[in-house]
There are 2 protein chains.
Amino acid sequence: MATHGARSRSGGRPTLEEVAARAGVGRGTVSRVINGSPRVSDATRAAVEAAVAELGYVPNTAARALAANRTDAIALVVPEPETRFFAEPYFSDMLKGVGAELSETHMQLLLIFAGSDRERRRLAQYLAAHRVDGVLLVSVHADDPLPDLLSQLEIPAVISGPRSAAETLTSVDSDNYGGGRSAVEHLLGRGRRTIAHITGRLDVYGAQRRVDGYRDALRDAGHVVDELLVEPGDFTEEGGRRAMTELLGRRPHLDAVFAGSDVMAAGARQVLRERGLRIPDDVALVGYDDSAIARHMDPPLTSVRQPIEEMGRRMIDLLLTEIADRRPAVSRGLERRQMVLATELVPRASS
Amino acid sequence: MATHGARSRSGGRPTLEEVAARAGVGRGTVSRVINGSPRVSDATRAAVEAAVAELGYVPNTAARALAANRTDAIALVVPEPETRFFAEPYFSDMLKGVGAELSETHMQLLLIFAGSDRERRRLAQYLAAHRVDGVLLVSVHADDPLPDLLSQLEIPAVISGPRSAAETLTSVDSDNYGGGRSAVEHLLGRGRRTIAHITGRLDVYGAQRRVDGYRDALRDAGHVVDELLVEPGDFTEEGGRRAMTELLGRRPHLDAVFAGSDVMAAGARQVLRERGLRIPDDVALVGYDDSAIARHMDPPLTSVRQPIEEMGRRMIDLLLTEIADRRPAVSRGLERRQMVLATELVPRASS
DNA sequence: ATCACCTGTGGGAGCGCTCCCACAGTACCT
DNA sequence: AGGTACTGTGGGAGCGCTCCCACAGGTGAT
């Protein structure tokens, strides 16, 4: 008993009870003040706030989580290895938007990588333990079981980039189809006729939609789509290089390339350079993402801008709403919430 | 009461008590099994494990945290805006090492940015609430109050890159002095005589130590140190550009530059190019960090490699030890723990 | 004066664990 | 035979909150 008591005193952090005693009120009243309940008189509130300040009281999160059955934390789950996370500016922008929006609240953000199998198992445990109130899912592949796990566990979740047109989770996306179209329309407008496309990973829905936009823009302009001008990439620089090499082998006289990401465009550019092809004189190049890479490339890269930061912000908005509603929108029979934000083509010297 | 009961049933997650009932043992025994105590007979352990599997039991972290007064989480605190975090490969490598080492344990990693004042205030609250068992501090400036806050709150912490020679926190560092020396010795060995240095931010101890190494290497080789050949940078590309411009203005005939980071070397390279100076023919260039930038630069950049991933791993080791010891080493009167890892010069075409 | 209905408040019960004391049973000494 | 020591186990108490019921005291309608 004595030992036990000593343990509990360690650190000497003040508790609600102590604040209550100091302010001369009950425990419940202090709790109400801390949580901003309106049902407290001004005088009492002031007294409690003074006691809190004097004692340097900070609520014990664990106790609160246990009693209230919530954690005040949400996770940003990245189903990729760290490496890609840092290599792609997409994540950095997303994190910025998320962080900005979240800083308005009392919620804490956890960043969780789930690239390897081992990490995924850990994540599953983590989610099963309900250690977060909600989850933000970015860059999810079509066959990923994660979203289903989430709905099964009834954890509120928002996905950036739906897995398919029939996505069941609440989602935020940019208009990939329109983005793909605008890239092609831009190149056609500049008089290009043989336009190749290096796609992103095709198990990413957004990458598919860009291809759709690419095809439809060509068709609507009266062109026949030459499938040998479409080469799948994987969003990496090396993949862009490989795809470009492939394309030049099959269609040496192409006069434009639309890459599904700036990083892949950078890879493509290297190959074009090595072959002595000038940008944009011989081959026009358009990227996707409008990242720092695009601005710093030589020549500067025309690129399709996605409002990624904005997407991050919207995701948080939607997630907080779902958490407030205390269960996923689906199970409440509400309409699926899907938000699509516009893209914008940023013309530069490469096209 | 009924309502309350309903609330507690929500989600229907099994508790320790239920597992105990199922296994036909007491609560304490289940707890022992879950926590890997050796004081359980094999038969009992098997029975409990079966019950856990059948029920899909996952411990409630909040309850555990409240009862045991620990969180099983540690924070990686980055006192910089997100932007820099992503721009510098240093952090990415560090995170990789930290993540790898941590995945061996049951600990959770939180990534916390504290670039703005607002974020810092949030962090202070966060730490005061003891929401993590320990803290990893990277890239801390000499006048940062964070380390002191940490010792005051008696939160175990390990710092990467001590703030000064008299750092009180447990620290892990690479041999910046030796790294600086090796860069200069390398350049001298290649016959260079007028070697400039673009430093990192001088409120970063490691950057200072590199300058010390630079100076001593020159002196030991019988040179007089020309202070006009030393220009402070700030670890950014733009800073490298500015410093290089400055240096060329003062010492147009310099024949080598040692930059305190690869990113700054990239900035310096741009300026050299613009002035028509060839690398390495006219000016040799050496960077620091041996990042992807160094390998991909044209020409490839000679650079000093720091074992950053390894540093991340060591930091975790030390931190976990301190946490296990339950209080900072300092207050136990132990020797300060300071670990210094060797650097290695990686020669490439730029020098 | 009586009743209904507010507002503000105190405090019991409970969240799901960990810690530790108590105790039964067994083994090995003297 | 009694003592000592160890092993394995059950369960009480407590961690610091939130939730909610109960209730005092006020206000206004009847």
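Every chain is numbered from 1, with letters handed out A, B, ... down the list of sequences.
- Residue A:Ser41 places at least one side-chain N or O closer than 4.0 Å to OP1 or OP2 of C:dT9.
- Taking only side-chain atoms of B:Arg32, from C-beta outward, the nucleotide of D:dT9, D:dG16, C:dT18 with the closest atom is D:dT9.
- The CG atom of B:Leu66 sits 13 Å away from the C1' atom of C:dC19 (whole-angstrom rounding).
- When the side-chain nitrogen and oxygen atoms of A:Thr29 are compared with OP1 and OP2 of C:dG10, one or more of them lie within a distance under 4.0 Å.
- Of the candidate nucleotides C:dC15, D:dC15, D:dG10, D:dG10 has the atom nearest to the side chain of B:Val25.
- The two residues A:Ala128 and A:Leu153 come nearest to each other via the heavy atoms N-CD1, 3.9 Å.
- In this structure, B:Phe91 has its ring center at least 6.0 angstrom away from the ring center of A:Phe86.
- Atom pair B:Glu18:CD and C:dG16:P shows a separation of 8 Å (rounding to whole Å applied).
- The distance between atom CZ of B:Arg13 and atom P of C:dC15, rounded to the nearest whole Å, is 14 Å.
- Between A:Glu17 atom CD and C:dG10 atom C1' the separation is 11 Å, expressed in whole Å.
- Side-chain atoms of B:Arg39 and base atoms of D:dT9 include no donor and acceptor less than 3.5 Å apart.
- For A:Val40, the side-chain atoms get nearest to C:dT9 when compared with the rest of D:dC15, C:dT9, C:dC15.
- A:Leu16 places its CG atom 13 Å from the P atom of C:dG10, with the value rounded to the nearest Å.
- Scanning atom types as modelled, one donor and one acceptor separated by under 3.5 angstrom connect the side chain of A:Arg27 and the base of C:dG12.
- The side-chain heavy atoms of B:Ile34 and B:Pro59, taken from C-beta on, include a pair separated by under 4.5 Å.
- Regarding A:Asp42, its CG atom lies at a distance of 14 Å from the P atom of C:dT7, rounded to whole Å.
- Atoms CG (B:Asn69) and P (D:dC17) sit 12 Å apart, rounded to a whole Å.
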Evaluate A:Ser139 against A:Glu80 for side-chain hydrogen bond (donor to acceptor under 3.5 Å, both in side chains), listing each step before the verdict. CA-CA 8 Å; A:Ser139 174; A:Glu80 308 268 0; 2.8 Å; yes
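- The shortest distance between the side-chain N/O atoms of B:Ser31 and the OP1/OP2 oxygens of C:dC17 is not below 4.0 Å.
- A salt bridge between B:Arg313 and B:Glu309 is present, with a side-chain N of the basic residue lying under 4.0 Å from a carboxylate O of the acidic one.
- Taking atom CG of residue A:Leu55 and atom P of nucleotide D:dG16, one finds them 14 Å apart after rounding to whole Å.
- Nearest-nucleotide assignment on DNA chain C puts the 5′-proximal partner with A:Ala63, out of A:Ala63 and B:Arg64.
- Close to C:dT18, at under 4.0 Å from its OP1 or OP2, lies a side-chain N or O of B:Asn35.
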